Amino acid sequence: MHHRKPRTPGAAQSAARVAITVTAGLVMTAVSTSARASTPGRIGTSHGVAIAVDAAHSHADRAHVNRFDDSFSVHTYGPSIAVTANNRATAVSAGCSLARPCRSVALSYQIVTTAGRNARLINATNLSRSVNEHCPACQTFSAAYQFVVATPRQFSLSRQARDELADIEGKVEALKSSRSPIVQIARQAEELAAHVKAVLDREAARAPRTSGTDDPLADFTPKVTMHRYVR
């Protein structure tokens, strides 16, 4: 399942969504992009390679002094030959005056689950960038959080975990209407990321494991790796 929420106009806009894609032994390309995308995410399959791309991009200026964009995506893959995951958050404030400064926030949360002997070889990129361009009094914040769940055997997130992640997604999206200082927004973003990690750690703990010492994956323990980039 892969879906994109309809956009609504306003000073603070969001592209939050939970995109769930599943494949077992096939290639799946899942793209879930931010506000600047003109088309919904695309999904394709071929030859055991999985690619997940997510991004949030916020740009504030004199015409739009308060901007917020967020992305929240879950990509669930079965055994695959190779997995590439790319997650980015970019916030820009440009050209606002001292009397009317800009505020720009971008948050991107990406969750990728993969299984099999190549699951530990995932190619993960997680980047965040905040820029003030001729905007000395502006508030600009970006954060990218990437979670990679690697397991020896294929497994699916439980209904409880999916519900909890959907609740976290709602809390991330709710930040767009907050007028709290940036430092508080940053703290809340961190708390939500920690909650995601706790949910995934619990899921990894119940994931199927290998049986027998002759199994080539006998030393493969399910693991959740979190990548964090805050600017």
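Quick caveat, the model's predicted, so the values are computed rather than measured.
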- Item | Flag for His59-Asp69: side-chain donor and acceptor within less than 3.5 Å | no
- Taking every non-hydrogen atom, the tightest pair across Arg62 and Val65: O-CG1, 3.7 Å
- Side-chain contact test, heavy atoms from C-beta onward, threshold under 4.5 Å: evaluate it for Gln188 versus Lys171 and give yes or no. no
- Query: Under 3.5 Å, is there a donor-acceptor pair between the side chain of Asn118 and the main chain of Leu121?
  - Reply: no
- With the side chain counted from C-beta on, respond yes when Tyr109 and Leu192 share a heavy-atom pair under 4.5 Å apart, and no when they do not. yes
- At what distance, to the nearest 0.5 angstrom, does CZ of Arg67 lie from CG of Asp61? 7.5 Å
- Among Ile, Leu, Val, Met, Phe, Trp and Tyr joined by side-chain contacts under 4.5 Å, find the other residues sharing a cluster with Tyr229 and list them by chain and number. Leu127
- Among pairs that include at least one residue of residues 98-107, which meet side-chain hydrogen bond (donor to acceptor under 3.5 Å, both in side chains), considering only residues two or more places apart or in two chains? Ser58-Ser104
- Query: Can you get from Leu157 to Val224 by hopping between Ile, Leu, Val, Met, Phe, Trp and Tyr side chains that sit under 4.5 Å apart?
  - Reply: yes
- Sequence neighbours left out, what pairs pass salt bridge (Lys or Arg N to Asp or Glu O under 4.0 Å) with at least one residue falling in residues 221-231? Glu190-Arg228
- Go through Glu164 and Arg159 one step at a time and tell me if the salt bridge (Lys or Arg N to Asp or Glu O under 4.0 Å) criterion holds. CA-CA 9 Å; Glu164 288 183 71; Arg159 177 61 182 271; over 6 Å; no
- Rounded to the nearest 0.5 Å, how far does OG of Ser73 lie from CD of Glu169? 8.5 Å
- Message: Please check: side-chain N/O of Asn87 versus main-chain N/O of Tyr145, any donor-acceptor pairing under 3.5 Å?
- Response: yes
- Item | Contact summary for Ala91 and Thr140, nearest pair of heavy atoms | O-CG2, 3.4 Å
- Item | Nearest atoms (heavy-atom pairs only) where Cys102 meets Ala94 | SG-O, 4.2 Å
- For the pair Glu203 and Arg162, find out whether any cationic side-chain nitrogen is under 4.0 Å from an anionic carboxylate oxygen. no
- Query: Taking side chain as C-beta onward, heavy atoms only, is Pro152 less than 4.5 Å from Pro222?
  - Reply: yes
- Task: Give a yes or no on whether Ile182 and Val230 share a hydrophobic cluster (residues Ile, Leu, Val, Met, Phe, Trp, Tyr; joining criterion: side-chain heavy atoms under 4.5 Å apart).
- Result: yes
- Can you hop from Val92 to Leu107 via hydrophobic side chains spaced under 4.5 Å? no
- Item | Beyond-backbone contact of Asn66 with Val105, side-chain heavy atoms, under 4.5 angstrom | no
- Can you tell me how far NE2 of His57 sits from CZ of Arg129, rounded to the nearest 0.5 angstrom? 8.5 Å
- Would you name the heavy atoms of Asn126 and Ala144 that are closest together and state the gap between them? ND2-O, 3.0 Å
- Message: Would you say that Gln110 contacts Phe147 through its side chain, given a criterion of any heavy-atom pair below 4.5 Å between the two side chains?
- Response: no
- Task: Identify the heavy atoms of Ser71 and Ala56 that sit nearest to each other, and give their distance.
- Result: N-CB, 4.1 Å
- Message: Quick check: do Val149 and Phe155 have side-chain heavy atoms less than 4.5 Å from each other?
- Response: yes
- Are Gln184 and Ser178 close enough, and set up right, to give a side-chain contact (heavy atoms from CB on, under 4.5 Å), and what steps lead you there? CA-CA 10 Å; Gln184 186 172 335; Ser178 174; 5.9 Å; no
- Message: side-chain contact (heavy atoms from CB on, under 4.5 Å), that's the test. Do Ile122 and Thr84 meet it? Break it down for me.
- Response: CA-CA 6 Å; Ile122 185 169; Thr84 295; over 6 Å; no
- Message: Can a donor-acceptor pair be found, under 3.5 Å and without considering hydrogens, that links the side chain of Gln146 to the backbone of Thr125?
- Response: yes
- Query: Heavy atoms, side chains only, cut-off 4.5 Å: are Thr90 and Ser142 in contact?
  - Reply: no
- Is a side-chain donor or acceptor of Thr151 paired with a backbone partner of Gln154 at a separation under 3.5 angstrom? no
- Task: Using a 4.5 Å cut-off on heavy atoms from C-beta on, say whether the side chain of Ile111 contacts that of His75.
- Result: no
